[in-house]
Amino acid sequence: MDKSWHDMGGDPAGPVIPAEHDFALWEKRVDALFMLTTAKGLFTVDALRRVLEDMGPEAFETMTYYERWITAVNRNLIEAGVYSTAELAAKIAEVKARGADYGTASLGGGDG
Amino acid sequence: MPHDHPDHGGISPSGHPYRPDQDGPLTEAQALEIAVRELLIEKGIVTAGEIAAAIARMDARSPAVGARIVARAWTDPAFKARLLADGSAAAREMGADIDALKLVVVENTPDTHNAIVCTLCSCYPRTLLGLPPDWYKSREYRSRMVREPRRVLAEFGLHLPPNVRVRVHDSTADMRYIVLPARPAGTEGWSEEQLAAIVTRDCMIGVAVPRLPG
């Protein structure tokens with residue numbers, strides 16, 4: 001059986017680029033939302049990984065780590081019935097209407 | 001409220017670059033994060049306070065937590081024995097927050113060097129080291145660390161003699177490894193605080209070894 005794309009151990013690959021960055025507030029919030037919603041039993045770490053793995057190698061190459069995570073958290077919350085896709089679409093439209101950058105699109109200027 | 005755009009010259013106080021998207025136009029992922037967060041708050045599932053507390057807990061986790069544990073192990077043989085026998089319990093003794101994870105401490109010796117990886121995703125001893133660096137989650141590190149660790153370590157500037165065995169530990173969601181580096185010669189009589197200062201994050205991942213300053 002072929003292994004799944006995410007099982008990368010032993011695959012050929014190029015040099016390790018020693019890249020790192022300080023996590024932005026929105027990235028830390030994604031992490032916090034994952035930690036809190038799984039701690040409250042809405043889904044599990046395995047469910048997060050199931051969506052991440054289903055997103056496939058293209059998403060791995062084109063999206064950043066927390067971009068993939070928020071996608072997977074969102075999918076699991078919809079599956080858990082926490083909110084509907086219609087509620088989400090309306091909320092995203094509301095967020096985008098507030099402003100063109102993260103600070104102005106966030107209530108309380110990004111601190112709240 | 002206007003959004004403050006500080007002139008940071010592209011480099012943070014820790015010396016790492018900010019992500020370019022931090023102050024740029026709102027991305028789809030950022031809009032999704034705001035939307036998910038607000039829906040969760042509106043539905044009464046999480047509070048803004050819980051999110052802020054979770055981020056504060058995240059910010060409090062740094063390699064300094066792991067370094068204190070290493071320094072204690074170097075100066076207290078009984079603690080080191082407990083640490084190697086049950087990493088989770090010994091780390092909790094030091095006040096570290098381990099959650100439900102099983103923590104396995106792997107010790108570097110004169111003939112064995114250890115390093116950690118997560119080939120499947122990004123599992124990492126985050127309670128002791130903070131969030132993992134980008135390279136730890138990269139295809140290159142995950143793929144090659146288990147096949148040609150010596151070459152990968154050399155790319156980090158760590159050239160191990162051929163007689164030193166390299167053991168690579170593949171982490172899982174429930175079991176995290178951390179490397180206990182060897183105490184370098186020339187540190188006799190040092191305080192735990194002095195010792196902790198030479199134990200970097202990369203030493204505890206196993207892509208570096210502690211070096212004396214200067």
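Order of the sequence lines sets the chain letters (A, B, ...), proteins ahead of strands, with each chain counted from 1. Worth knowing before you read on, the calculation uses all heavy atoms, side chains too, and leaves out hydrogens, waters and symmetry mates.
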Name the region of B:Lys137, side chain, backbone, both or neither, that has any atom closer than 4.5 Å to a heavy atom of chain A.
both
Whatever's closer than 4.5 Å to a heavy atom in chain A on B:Asp59 counts as side chain
Flag the pair B:Arg150 and B:Glu155 as a salt bridge only when some basic side-chain nitrogen lies within less than 4.0 angstrom of an acidic carboxylate oxygen.
no
B:Thr187 side chain to B:Arg183 side chain, donor-acceptor N/O pair below 3.5 angstrom
yes
B:Thr119-B:Arg142 side chain donor-acceptor pair, cut-off 3.5 Å
no
Is the shortest side-chain N to carboxylate O distance from B:Glu193 to B:Arg68 below 4.0 Å?
no
Region of A:Lys28 that comes under 4.5 Å of a non-hydrogen atom in chain B:
both
Taking side chain as everything from C-beta outward and backbone as N, CA, C, O, which of these in A:Leu52 sits under 4.5 Å from a heavy atom of chain B? Side chain, backbone, both or neither.
neither
A:Leu77 versus chain B, heavy atoms under 4.5 Å apart: side chain, backbone, both or neither?
side chain
Select, from B:Ser122, B:Pro132, B:Ala53, B:Ser138, the one with the greatest count of heavy-atom pairs under 4.5 Å involving chain A.
B:Ser122
B:Tyr136 portion near chain A, given a 4.5 angstrom heavy-atom threshold
neither
Side chains of A:Asp7 and A:Ser4: do they bring a donor and an acceptor to under 3.5 Å?
no
Which atoms of B:Leu32 come close to chain A, meaning under 4.5 Å heavy atom to heavy atom: side chain ones, backbone ones, both, or neither?
both
Is it the backbone or the side chain of B:Glu50 that comes under 4.5 Å from a heavy atom of chain A, or both, or neither?
both
Carboxylate-amine/guanidinium proximity below 4.0 Å for B:Glu93 and B:Arg72
no
Would you please classify the geometry between the B:Tyr141 ring and the B:Trp135 ring as parallel, tilted or perpendicular, with 30° and 60° separating the classes?
perpendicular
If I measure from the heavy atoms of chain B, does A:Arg68 come under 4.5 Å with its side chain, its backbone, both, or neither?
neither
Could you look at A:Leu33 and say if it's the side chain, the backbone, both or neither that has a heavy atom under 4.5 Å from chain B?
side chain
Have A:Tyr65 and A:Asp31 got a donor and an acceptor in their side chains that come within less than 3.5 Å?
no
Tell me, side chain or backbone of A:Ala100 under 4.5 Å from chain B's heavy atoms, or both, or neither?
backbone
Count the heavy-atom pairs under 4.5 Å between each of B:Glu38, B:Arg147, B:Met145 and chain A, then report the option with the highest count.
B:Glu38
